[in-house]
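Read through the structure below, which is laid out as structure tokens, and then see the notes.
Chain naming here is simple, since letters A, B, ... match the order of the sequence lines and numbering starts at 1 in each. All values below come from the heavy atoms of this structure, side chains included, with hydrogens, waters and symmetry mates left out.
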There are 2 protein chains.
Amino acid sequence: MLTKKGKYGLKAMVHLAAREPGEPSLVSEIAEANNIPKKFLDTILGELRNAGFVNSKKGKGGGYTLARSAHLIRVGHIIRILDGPLAPIQCASKTSYRRCDDCTDERHCGVRILMLEAREALATVLDNRTLAEMRAAAQDDELILSYVI
Amino acid sequence: MLTKKGKYGLKAMVHLAAREPGEPSLVSEIAEANNIPKKFLDTILGELRNAGFVNSKKGKGGGYTLARSAHLIRVGHIIRILDGPLAPIQCASKTSYRRCDDCTDERHCGVRILMLEAREALATVLDNRTLAEMRAAAQDDELILSYVI
DNA sequence: CCCCATCCTCACGATTCAATAGGAATTGCT
DNA sequence: AGCAATTCCTATTGAATCGTGAGGATGGGG
């Protein structure tokens, strides 16, 4: 489940991606444009900054900018920072594996095997999509999106 | 995120799938075999029964059995009952859609479009796998599992 | 009628989530 | 130097959810 923190963070990143590179955005501006509580967004952008996704500048004329080109920022990475691992269950995570304490034989745990598949499917989507693509998809009236039921 | 309720429920279902059809299992037996708190499993199986996935019988010789063949039970359905919709965000859910209150223009929301893709990827895995397949995967030393990175 | 096992309701502590509060630190401008 | 703008930090709060346990009601089998 994507939390509001994750959702707000992604929206903020999309907002930044829509800017001329180097042109800073204010927290208050991003918050207002996306209906996000300002103070909450404040802490979210702080985390994204600590993680190296955005740069910040204080004082007049300050604000936030993307630290890298939107083409180089993968959506899955952002979500991991804000909401934790993608895997539905920790014993199926690759970036932050942890054993289930109730599982005696992990190799024959059907749940885990299934969740490895699920994680793989999720990661395939989220780790291949970049911020630039996400923004483009939003602008182009969903043309890019092609379902394969 | 799969909660413990979901995990325990799936494990219990796998346990039942490993039985001769019609042969009932006791809650205490399932709980012990899978390291699940008995009382908790009690309520979980109750929900699965209300949802029509398992049948129950009280008294001596009672217990739980699958309501249908394990080939006909899709894992995604079980998870939806126990943990709610698969979609990472409600505005991207097909089974229980709900609009985001902070989103003014849903059609151009990059986050939602991306999450529709993510939901699709997840559902493709979970709604196509049956309980029988999950059980088989666990027994066959993960042979069935084939990653496509 | 008596065991056995499911069924039901309630309650609880812990954790996480979402948001708010209040102010400290830094920068730019004049 | 002084002021205003803006990020940065820490703590708190209220609400919801999660995981679990207690106690007993219900109903079938013998």
Which whole-number value in Å describes the distance from [X] [atom1] to [N] [atom2]?
| X | N | atom1 | atom2 | answer |
| --- | --- | --- | --- | --- |
| Glu32(B) | dA5(C) | CD | P | 13 Å |
| Lys11(A) | dA18(C) | NZ | P | 14 Å |
| Asp101(B) | dA19(C) | CG | P | 9 Å |
| Asn34(B) | dG19(D) | CG | P | 16 Å |
| Asn50(A) | dC8(D) | CG | P | 9 Å |
| Asn55(A) | dT27(C) | CG | P | 14 Å |
| Phe40(A) | dA11(D) | CZ | C1' | 15 Å |
| Asp42(A) | dT10(D) | CG | P | 13 Å |

Considering only side-chain heavy atoms of [X], which listed nucleotide, [options], is closest?
| X | options | answer |
| --- | --- | --- |
| Lys4(B) | dC29(C), dG19(D), dA19(C) | dG19(D) |
| Lys60(B) | dG29(D), dC8(D), dT20(C) | dG29(D) |
| Lys58(A) | dC7(C), dT7(D), dT20(C) | dT7(D) |
| Lys38(B) | dC18(D), dA25(C), dT6(C) | dT6(C) |
| Pro37(B) | dT6(C), dT7(D), dT20(D) | dT20(D) |
| Tyr64(B) | dT20(D), dT20(C), dC7(C) | dC7(C) |

Check: Arg112(A) side chain, Glu106(A) main-chain N or O, donor-acceptor pair, under 3.5 Å: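 Yes; at least one donor-acceptor contact below 3.5 Å.
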Does [N] have OP1 or OP2 under 4.0 Å away from a side-chain N or O of [X]?
| X | N | result |
| --- | --- | --- |
| Thr3(B) | dT17(D) | no |
| Ser56(B) | dC7(C) | yes |
| Tyr8(A) | dA18(C) | no |
| Arg49(A) | dT6(D) | no |

Tell me which one of Leu45(B), Ile73(B), Val75(B) satisfies side chain to side chain contact (heavy atoms under 4.5 Å, CB included) with Met13(B).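 One option only clears the test, and that one is Ile73(B).
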Is it true that atom CD of Glu32(B) has more than 12 heavy atoms of other residues, nucleotides or ligands lying nearer than 6.0 Å?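 No.
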Before accepting this row, confirm whether a basic side-chain N of the pair Asp102(B)/Lys4(A) lies closer than 4.0 Å to the acidic partner's carboxylate O.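 Here Asp102(B) does not pair with Lys4(A) in a salt bridge, since their nearest N and O are not under 4.0 Å apart.
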Should the pair Glu23(B)-Arg19(B) be classified as a salt bridge under the 4.0 Å nitrogen-to-oxygen rule?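 Not counted as a salt bridge, because no side-chain N and carboxylate O are separated by less than 4.0 Å.
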More 5' along DNA chain C: Thr43(B) or Lys5(A), using each one's nearest nucleotide?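 Whichever sits nearer the 5' end wins; that is Thr43(B).
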Report yes if a donor N or O on one partner sits less than 3.5 Å from an acceptor N or O on the other, where the partners are the side chain of Lys39(B) and the base of dG19(D); otherwise report no.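 Side chain to base: no pair present.
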Out of Arg119(A), Arg80(A), Lys94(A), which residue meets the salt bridge (Lys or Arg N to Asp or Glu O under 4.0 Å) rule with Asp127(A)?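 Answer after filtering Arg119(A), Arg80(A), Lys94(A): Arg80(A).
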Pick base, sugar-phosphate or nothing for Leu26(A), based on heavy-atom distances below 4.0 Å to the nucleic acid.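 Since only primed, P, OP1 and OP2 atoms lie under 4.0 Å of Leu26(A), the category is sugar-phosphate.
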